[in-house]
Amino acid sequence: RYGRYMVANIHMGQYRNGDIGFMSEKVIQLLDDIHTLPALVRLRDDWIQTHVQVGDIVHIPVGTDKKLSNDMIIDNNHGYFIIHPDRLISSTAVASSLICLRKSVLQQKVKTLGDYTEALVHGNLIHLIFQSALKSNNFSLENLREQAERAVHSSLDELIAIKQDEAMALDILEKTIPFIKSFGDTYVGSKPRKDATISSDLGPNVGQRLGCKNIALTKVLDVEEHLWSPTYGLKGMVDVSVEMAMEPNGKLITAPLELKTGKSSQFIQHRAQTVLYTLLMSDRYDINISTGALLYCRTNNIYMVEQARNDVRNLVMARNRLASAMQNRHALPAMLKNPHTCQHCAMDSACLLFHKSVENGDGASSGLSDWFDGKTNHLNETALIMFRHWQQLIDLEEDDIDYIRRDIWRMPAELRELSGRCWNNMVYDSSFSGETESIVSFRRDAESKEKLNMLTSMINVGDPVVISSTQGHINLGMGFVLRLNHDSVQINLTSPLRSTPKRGPNFDEHLRQVFVNNGHSNTYRIDKDEMSSGMALMRRNIVSLFTQEEDGGDVKRRRLIVDRVKPSFVSPASIEMPPSLNPGQQGAVEKVLSAQDYAIILGMPGTGKTTTTAHIIKTLVERGKSVLLTAYTHTALDNVLIKVRNSGVDVLRLGNPEKVSTRMIYICYQLPPLVRNDVARDSGLQKSLFALLAEAHPEAIAYLEYQYRMNKDIMTISNNLIYDNKLKCGNESVAQKELYLPHYQQALYKIHTVSSCEKESCWIEQALDPR
């Protein structure tokens with residue numbers, strides 16, 4: 001289904017085009033990636049401009065009932081050519097790339113956590129209300145107001161960010177509720193009403209071409225359907241997937257419904273998004289979904305959007321340009337050099353930093369003159385070098401993650417299971433009842449009982465996973481492994497688990513596109529997900545570090561991390577230490593309480609880092625401080641929080657620390673990052689921030705040397721081999737501790753009587769004998 005070709009050779013040729021004469025074509029020799037069989041594709045007309053190189057991976061979509069020939073022609077009227085199809089690109093990014101390709105690339109590379117605005121927050125609230133009403137098919141004022149209250153309660157953090165309370169938000173939403181009710185009364189039902197008309201004041205009159213004047217949304221198939229399409233190299237979130245009746249042509253179609261809460265001034269971009277969503281849904285539902293709908297919620301204007309050949313071709317070519325630009329790790333597309341557009345761009349900080357540091361640009365080369373200089377003059381040469389260095393390392397690591405993720409759809413599940421990154425032939429356990437609706441369970445299919453033990457895979461508790469059907473429907477759900485045993489797994493979903501599309505009675509692809517709920521009767525593959533969004537978040541943090549203060553930059557941490565300014569300490573007020581803390585732990589507490597910038601606690605395994613951290617938090621809280629605790633793993637975090645809670649301190653466990661104010665005291669557990677790329681590792685990406693700061697300022701370190709896990713003999717071995725003789729036993733009881741094995745002699749006797757082991761040279765006895 002997702003066959004791939006590798007480009008083996010490229011040359012320019014000519015072909016005769018009727019009376020016009022000879023025209024140029026780009027002739028590309030391909031090799032099938034499975035059988036390495038040769039094929040030829042000829043790019044003509046607009047496709048000749050496609051940027052493709054030897055070694056690139058490409059895909060040529062065909063219908064499910066068709067096969068590719070060995071000599072294909074792709075021109076303005078036939079076929080599509082997909083570059084780097086395994087790089088799934090957001091449909092929103094493709095649409096926005098029509099305005100600025102560089103901005104779209106940066107949006108993919110740098111995670112944006114931009115400032116909340118009233119328009120953004122209230123737009124999200126209207127989305128939630130609209131989607132809930134559609135899902136429940138209830139547009140009564142009572143239900144809409146109830147959904148508004150639920151939406152507001154679930155968005156309190158966003159409302160706080162824009163300085164609005166619940167009452168104010170509900171008052172503003174109350175003005176929108178009549179429009180939502182009017183839409184439901186008019187457009188939602190079993191058949192089209194006479195007043196359920198299609199707007200035609202913007203764009204082409206699609207309704208006229210389709211023979212359609214009135215529509216009705218007869219059924220909601222899904223809400224916020226997260227779709228991946230390895231066919232077109234796209235991904236996206238469809239607001240609402242609907243079944244739509246049309247009159248007078250009498251058709252019943254499946255279509256994406258895109259909701260817009262703003263103005264229609266960006267209609268062209270919104271229309272492009274909707275066209276791309278028809279491609280995504282075509283891939284998911286295995287039919288040609290040629291029409292979508294675009295609704296502007298504030299005015300109830302609904303527009304039909306047709307999947308016209310010219311539009312799709314231009315969008316696929318735009319997607320290819322974006323994919324090629326993303327593939328080029330060493331350069332960004334050229335700057336737009338439009339002062340008005342650039343000064344109002346959400347990606348301006350990242351764009352200017354890359355231009356100055358990576359591209360060695362200035363005000364003149366950017367086309368932005370003094371405005372560029374004002375945004376970047378605060379950066380010295382050291383900062384520019386560091387920014388450039390870390391961006392290059394992240395690029396290297398990201399290549400490896402992209403390479404692994406594509407195996408979710410390119411590698412057969414049975415083969416990926418052998419590599420430990422997949423569980424194949426899993427069935428949904430309908431008898432399972434989790435603590436919440438988001439927790440689901442899968443078990444091995446009965447026919448797979450003799451397959452690999454799930455505990456031996458490389459997927460562990462806490463790992464992100466992607467759930468797909470074994471029939472080829474990619475990403476029906478995503479989540480994290482919650483619990484695991486030898487033949488079943490429980491997953492905490494981050495979005496509802498979708499069922500695979502099932503065609504309903506009297507289905508007709510052209511006249512009656514009806515789908516019914518298939519439940520979860522099919523078999524699944526569950527793949528470990530490589531979360532490349534982590535790379536985008538890393539870039540965002542680095543951009544924030546180097547951005548000037550008035551644009552939200554982190555000046556204090558730039559001085560400490562980039563300029564390596566010496567951290568300051570002041571003598572704390574008198575501290576009453578509990579007798580349970582050893583001298584090293586007491587010193588660590590004093591070091592943290594005296595720190596004005598940061599303190600580093602360096603402790604070997606078993607030296608009581610968790611206990612020390614819990615006491616530090618308790619002391620800070622008693623002094624009126626707010627404490628944000630972060631850790632490399634959920635387990636490490638929860639171990640500390642359990643001790644903190646047991647000490648009588650109230651805790652709030654946050655699932656999304658990105659939304660927490662940075663105006664807090666940070667305590668952070670940090671382990672060396674896991675780095676896959678050898679060059680990135682050797683160049684410093686594996687070195688943690690702790691290690692960098694510890695090397696620069698050892699006076700900021702508090703050492704924990706007393707350990708409580710090993711007796712003195714075992715500790716001596718670890719000291720000599722690993723810890724440079726820095727470990728000490730916490731007390732004499734720890735130093736003299738021995739392993740007690742009940743029934744030791746009986747066990748040895750049994751071993752010696754049922755095996756060929758000789759008692760005189762038994763290695764088990766020598767290893768376990770405490771003498």
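Nothing here was measured: the structure is a model prediction, and the numbers come from that model. Excluded from the calculations below are hydrogen atoms, water molecules and symmetry mates; all remaining heavy atoms, backbone and side chain alike, are included.
For R525 (side chain) and I408 (main-chain N/O), a donor-acceptor pair under 3.5 Å exists by modelled atom type. The backbone N or O of Y2 lies less than 3.5 Å from no partner atom in the side chain of H59, so there is not a single donor-acceptor pair. Side chain of Q513 to backbone of T254: a donor-acceptor contact under 3.5 angstrom is found. Listed for the Q131 side chain is a donor-acceptor partner under 3.5 Å among the backbone atoms of D239. A donor-acceptor pair is defined here as one N or O able to donate and one able to accept, closer than 3.5 Å; no such pair exists between the side chain of S155 and the backbone of V152. Listed for the R443 side chain is no donor-acceptor partner under 3.5 Å among the backbone atoms of V427. Under a 3.5 Å cut-off, the side chain of H473 and the backbone N or O of P501 do not form any donor-acceptor pair. At distances below 3.5 Å, at least one donor-acceptor pair connects side-chain atoms of K219 with backbone N or O atoms of F515. When atom types are taken as modelled, the side chain of R298 and the backbone of F179 share no donor-acceptor pair closer than 3.5 angstrom.
Side chain to side chain, H122 and Q164 meet the donor-acceptor criterion of an N or O pair below 3.5 Å. S96 and S104 are linked by a side-chain donor-acceptor pair at a separation below 3.5 angstrom, with hydrogens and angles left out of the test. No side-chain donor from either of S91 and Q273 sits under 3.5 Å from a side-chain acceptor of the other. When only modelled atom types and interatomic distance are considered, E258 and H270 share no side-chain donor-acceptor pair under 3.5 Å. A donor-acceptor contact under 3.5 angstrom links the side chains of N485 and S488, judged on distance only. For the 3.5 Å distance criterion, the side chains of S229 and D283 qualify, holding a donor opposite an acceptor. Q490 and S441 are not linked by any side-chain donor-acceptor pair at a separation below 3.5 angstrom, with hydrogens and angles left out of the test. A donor atom on one side chain and an acceptor atom on the other are not found under 3.5 Å apart for T610 and N639. Between the side chains of T523 and D445, no donor-acceptor pair of N or O atoms lies under 3.5 Å.
Looking only at side-chain heavy atoms (C-beta outward), I57 and Y5 stay at 4.5 Å or farther from each other. Looking at heavy atoms from C-beta onward, V316 lies in side-chain contact with I82 at the 4.5 angstrom threshold. Put simply, the side chain of R271 reaches to within 4.5 Å of the side chain of D311, judged on heavy atoms. Contact of the H486 side chain with the M454 side chain is not registered, since no non-hydrogen atoms from C-beta on lie closer than 4.5 Å. With a 4.5 Å cut-off on side-chain heavy atoms, L511 and I253 do not count as touching. Using a 4.5 Å heavy-atom threshold, the side chains of N143 and F139 count as separate. In this structure the side chain of P85 never reaches within 4.5 angstrom of the side chain of R87, judged on heavy atoms. Counting heavy atoms from C-beta outward, N475 and H226 have side chains that approach closer than 4.5 Å.
By the 4.0 Å N-to-carboxylate-O rule, K191 lies too far from E247 to be salt-bridged with it. Electrostatic pairing of D407 and R421 does not count as a salt bridge here, judged by no charged N lying under 4.0 Å from a carboxylate O. The pair D185-R193 does not meet the salt-bridge criterion, since no charged nitrogen lies less than 4.0 angstrom from a carboxylate oxygen. Comment: K528 engages D463 in a salt bridge, judged by a side-chain N to carboxylate O separation of less than 4.0 angstrom. Taking the charged nitrogens against the carboxylate oxygens, D33 and R410 do have a contact shorter than 4.0 Å, which makes a salt bridge. No salt bridge links R4 with D32; every basic N to acidic carboxylate O contact stays at or beyond 4.0 Å. Under 4.0 Å is where a charged nitrogen must lie from a carboxylate oxygen, and between R145 and E174 at least one such pair does.
The 12-atom threshold is not exceeded at NZ of K502, counting heavy atoms of other residues, nucleotides or ligands nearer than 6.0 Å. The environment of F507 atom CZ is dense: over 12 non-hydrogen atoms of other residues, nucleotides or ligands sit within 6.0 angstrom. The local environment of CG in N646 is crowded, with over 12 non-hydrogen atoms from other residues, nucleotides or ligands closer than 6.0 Å.
A pairwise comparison of heavy atoms in S419 and M458 identifies O-SD, 3.3 Å as the closest pair. Nearest approach of T500 to S469, heavy atoms of both residues: CG2-CB, 3.7 Å. Residues L125 and A151 come closest through the heavy atom pair CD2-O, 3.4 Å. Summarising the geometry of A93 relative to Q108, their closest heavy-atom pair is CB-NE2, 3.1 Å, with the distance given to 0.1 Å. Between G462 and F480 the shortest heavy-atom distance is O-CD2, 3.4 Å. For the residue pair P505 and R512, the shortest heavy atom distance occurs at O-NE, 3.4 Å.
Partners of N288 according to the side-chain contact (heavy atoms from CB on, under 4.5 Å) rule, which considers only residues two or more places apart in sequence or in another chain, are S282, S290, Q307, E509.
Taking the six-membered ring where the residue is Trp, the centroids of F130 and F183 are separated by under 6.0 Å. Close placement of the F442 and Y524 rings is indicated, their centers lying within 6.0 Å of each other.
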Please lay out, stage by stage, how W423 and D527 fare under the test side chain to side chain contact (heavy atoms under 4.5 Å, CB included). CA-CA 7 Å; W423 295 313; D527 290 86; over 6 Å; no
Quick one: do L259 and L257 satisfy side chain to side chain contact (heavy atoms under 4.5 Å, CB included)? Show the steps, please. CA-CA 6 Å; L259 307 178; L257 173 64; 4.0 Å; yes
Between T218 and E243, does a side chain to side chain donor-acceptor pair (under 3.5 Å) hold up when you go through it step by step? CA-CA 6 Å; T218 56; E243 180 184 282; 2.8 Å; yes
Working for side chain to side chain contact (heavy atoms under 4.5 Å, CB included), residues V305 and V206: CA-CA 7 Å; V305 177; V206 175; 5.8 Å; no
Test side chain to side chain contact (heavy atoms under 4.5 Å, CB included) on L455 and L484; report intermediate values, then the result. CA-CA 7 Å; L455 293 173; L484 176 64; 3.8 Å; yes
Salt bridge (charged side-chain N to carboxylate O under 4.0 Å, His left out) between R645 and D650, intermediate numbers included: CA-CA 6 Å; R645 189 175 57 188; D650 291 333; over 6 Å; no
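Distance check: T261 OG1 to N124 CG gives 7.5 Å after rounding to the nearest 0.5 Å. Rounding to the nearest 0.5 angstrom, the gap separating the CD1 atom in I491 from the CE atom in M478 is 11.5 Å. Remark: L210 CG to M304 CE distance equals 6.0 Å, nearest 0.5 Å. One finds the CD1 atom of I459 at 6.5 Å from the SG atom of C422 (value rounded to the nearest 0.5 Å). The CZ atom of R503 sits 9.5 Å away from atom CG of D508, with the distance rounded to the nearest 0.5 Å. How far CG of D286 is from CZ of R284: 9.5 Å, rounded to the nearest 0.5 Å.
Between Y303 and Y296, the ring-plane angle classifies as perpendicular under the 30° and 60° cut-offs.
Applying the salt bridge (Lys or Arg N to Asp or Glu O under 4.0 Å) rule to pairs touching residues 122-131 yields nothing, sequence neighbours excluded.
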